[in-house]
Asker: 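Dropping a structure here in structure tokens format, bear with me for questions.
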Protein chains: 2
Amino acid sequence: MPEEKKISMAVIRRLPRYFRYLHDLIKMDIKRISSRELSERMGITASQIRQDLNCFGGFGQQGYGYNVESLFNEISRILGVDNRFSCIIIGAGNMGTALANYENFRNRGFDIIAIFDVDPRKIGGTVNGIEIMSMDSLEDFVKEHKVDIAMLTVPNTHVTEVAEKVTSLGIKGIWNFSPHELRLGNGAIIENVHLSDSLMVLGYRLRSAGY
Amino acid sequence: MPEEKKISMAVIRRLPRYFRYLHDLIKMDIKRISSRELSERMGITASQIRQDLNCFGGFGQQGYGYNVESLFNEISRILGVDNRFSCIIIGAGNMGTALANYENFRNRGFDIIAIFDVDPRKIGGTVNGIEIMSMDSLEDFVKEHKVDIAMLTVPNTHVTEVAEKVTSLGIKGIWNFSPHELRLGNGAIIENVHLSDSLMVLGYRLRSAGY
DNA sequence: TAGATTGTTAATCGATTAACAATC
DNA sequence: TAGATTGTTAATCGATTAACAATC
């Protein structure tokens, strides 16, 4: 990949936030912004913003600040928003359906091209115009279409098996919605959404705030 | 709250992971575990485990390790799993419906007692046995029932307004599913689930791995 | 030019890891 | 007792913040 130095995960996880804030600035028709102004909006230090951005290049101008539009374009490029990632959803339950209906993903470079399930009553149907296919046809489908990401919204009991299946078919990205930790031998990249972890942290914080 | 010292967020966010792994150990009928064994399973260092646990107390025994069941109980107590949090979902769309159907939350101490929406076609219906009520009745409902947490699955355009509304009614916990950052003046505790951020990070990681 | 603000180096802070005495 | 493993202190590492020279 174009970027040279090793970027820390702490920085990477902040990139989408920059993306969002810059997008908002554009919508507000703001043309330039200094690291100080942005830091006040985002609630982080100006130093951190400058450090973060300079991981990728010098996008600002001394005495001026940053041009909002060009900075937004840089962040977009870094995040690969203009890339197209082909995604499939595995599990057409409530969460899978919610994801299939989430229009935002497409604007971020993620196309959901099929949904897979084992339930014969669901197979053949569509969600948001996307066909629900049988798990039996997964292998053929992946052979015919380049698939970058599998979004796993299957029951916990099956997630390891499904994850092994999809990675064995060459899919490199796993977006895992099960609480299970996936430990895959191959080079798959796994990003977890642990909803109950998040909720439990909220519970902890509420209790320790005394509520 | 009972715990004395200031616990860092880094530690707090690891607690649900300990909880999950210990739960699995119990299911596997494993009675005792050393920090070293647990570190191998979890893929973190034994040092970190011992440091983390000792934020809350000395739960182990030199020369023996940790009793799985009693450690699990301690973590459960710390996370407040036996607490009951009353929750409402605002927004009966796909995500709200998915959350209402997620049975796991109840086992973690979170009871979803009502769903609110503005769509007259949805109001009066139920999801997983939970009634969908009109947003107009929110205020009265909150006055009659103690509500600890509002799970916000409303469109971006309304999330700030809704968040202000629920916190003004005295609800202290916000579980925010919109990409919007909520900045609330009052002492509300906000926990965000930024799905598209997570997906964009996955995209970044895939690209930088060269896939 | 003078003022502003970056890019970048240095200082600080916090979190992780290592080490080991205490002790079961 | 001898061996194992904790609890805890010290060392290291990395991330954040501060400072300031470079420069627009």
Side-chain angles (χ1 to χ4, degrees), chain A residues 3-18 21-22 25 30-75 78 201 204-205 208, chain B residues 3-18 21-22 25 30-75 78 201 204-205 208:
Chain A
E3 277 72 43
E4 333 286 357
K5 9 183 176 150
K6 176 91 176 72
I7 312 291
S8 77
M9 267 310 242
V11 175
I12 294 167
R13 295 203 177 281
R14 276 193 294 270
L15 292 175
R17 270 192 94 217
Y18 290 123
Y21 272 88
L22 289 163
L25 289 174
I30 292 169
K31 300 296 185 196
R32 57 173 271 203
I33 194 151
S34 68
S35 57
R36 190 186 48 75
E37 279 173 86
L38 188 56
S39 79
E40 280 161 14
R41 286 175 185 276
M42 295 183 66
I44 58 180
T45 65
S47 252
Q48 181 162 71
I49 291 173
R50 294 204 299 279
Q51 285 276 25
D52 283 355
L53 297 180
N54 276 89
C55 292
F56 303 98
F59 303 137
Q61 201 171 43
Q62 281 100 328
Y64 174 84
Y66 299 86
N67 176 293
V68 172
E69 195 180 332
S70 80
L71 184 55
F72 176 72
N73 290 338
E74 291 290 355
I75 300 279
I78 292 163
V201 169
Y204 178 92
R205 293 174 61 203
S208 65
Chain B
E3 275 72 43
E4 333 287 356
K5 10 183 177 159
K6 177 91 176 69
I7 311 293
S8 78
M9 267 309 241
V11 174
I12 294 168
R13 294 201 178 281
R14 276 194 293 271
L15 292 176
R17 270 192 92 218
Y18 290 123
Y21 272 88
L22 288 164
L25 289 175
I30 292 171
K31 300 296 184 194
R32 58 174 269 201
I33 194 149
S34 68
S35 56
R36 190 186 49 72
E37 280 173 84
L38 188 56
S39 80
E40 282 162 13
R41 284 174 187 276
M42 295 183 67
I44 58 181
T45 64
S47 253
Q48 181 162 74
I49 292 172
R50 294 204 299 277
Q51 286 276 28
D52 284 355
L53 296 180
N54 276 91
C55 292
F56 303 98
F59 304 138
Q61 200 170 45
Q62 281 101 328
Y64 174 85
Y66 299 86
N67 176 292
V68 172
E69 195 181 331
S70 79
L71 183 56
F72 176 73
N73 290 338
E74 292 288 355
I75 300 280
I78 292 163
V201 168
Y204 178 92
R205 293 174 61 203
S208 64

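Labels below follow one simple rule: chain letters A, B, ... track the order of the sequence lines, proteins then strands, and each chain is numbered from 1. Worth knowing before you read on, the calculation uses all heavy atoms, side chains too, and leaves out hydrogens, waters and symmetry mates.
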Asker: Categorize B:S47 for me: base, sugar-phosphate, or nothing, with a 4.0 angstrom heavy-atom threshold over every strand shown.
Answerer: base
Asker: Go through D:dT16, C:dT9, C:dT5 for me and flag the one nearest to the A:Q51 side chain.
Answerer: C:dT9
Asker: Just how far, in rounded Å, is C1' of C:dT5 from CG of A:L71?
Answerer: 14 Å
Asker: Would you say A:R14's side chain and A:Q48's backbone share a donor-acceptor pair under 3.5 angstrom?
Answerer: no
Asker: Is the shortest side-chain N/O distance from B:R32 to OP1 or OP2 of D:dA4 below 4.0 Å?
Answerer: no
Asker: Which part of the nucleic acid, if any, lies within contact of A:T45, taking any heavy atom under 4.0 Å across all strands shown: a base, the sugar-phosphate backbone alone, or nothing?
Answerer: sugar-phosphate
Asker: Grab the CG-C1' distance between A:N54 and D:dA15 for me, whole Å please.
Answerer: 16 Å
Asker: Could A:E40 and A:R36 be called an ion pair, given the rule that one side-chain N must be under 4.0 Å from one carboxylate O?
Answerer: yes
Asker: If D:dG14 has a Watson-Crick or G-U wobble mate with both distances under 3.5 Å, name it; if not, just say none.
Answerer: C:dC13
Asker: At less than 4.0 Å, is any side-chain N or O atom of B:Q48 found next to OP1 or OP2 of C:dT16? Yes or no.
Answerer: yes
Asker: Of A:Y64 and A:V11, whose nearest nucleotide on DNA chain D comes first from the 5' end?
Answerer: A:V11
Asker: Hey, is the side chain of B:R50 poking within less than 4.0 Å of OP1 or OP2 on D:dG7, counting only N and O atoms?
Answerer: no
Asker: Starting at CD of B:E37 and ending at P of D:dA4, how long is that distance when rounded to a whole Å?
Answerer: 13 Å
Asker: For the side chain of B:S34, counting heavy atoms from C-beta on, which of C:dT6, C:dT16, D:dT6 is nearest?
Answerer: D:dT6
Asker: Rounding to an integer number of Å, can you tell me how far A:D52 CG sits from C:dT6 C1'?
Answerer: 15 Å
Asker: At less than 4.0 Å, is any side-chain N or O atom of A:S35 found next to OP1 or OP2 of C:dT6? Yes or no.
Answerer: yes
Asker: Could you check how far CD1 of A:I33 sits from P of C:dT6, rounded to whole Å?
Answerer: 10 Å
Asker: Would you say the side chain of B:I75 lies within less than 4.5 Å of the side chain of B:Y21, judging by non-hydrogen atoms?
Answerer: no
Asker: Figure out the CD/P separation between B:Q61 and C:dA22, and round it to whole Å.
Answerer: 18 Å
Asker: Quick one: does any side-chain atom of A:R32 pair with a main-chain N or O of A:G65 as donor and acceptor, under 3.5 Å?
Answerer: no
Asker: Counting only Watson-Crick or G-U wobble pairs whose two distances fall under 3.5 Å, which nucleotide matches C:dC20?
Answerer: D:dG7
Asker: Using whole Å, report how far CZ of A:R36 lies from C1' of D:dA18.
Answerer: 16 Å
Asker: Check the distance between D:dT5's P and B:I49's CD1 and give it to me in whole angstrom.
Answerer: 13 Å
Asker: Relative to the 5' end of DNA chain D, which residue comes earlier, A:S8 or B:Y66, by the nucleotide with the nearest heavy atom?
Answerer: B:Y66
Asker: Measure the shortest side-chain to side-chain distance between B:L25 and B:F72 over non-hydrogen atoms and say whether it is less than 4.5 angstrom.
Answerer: no
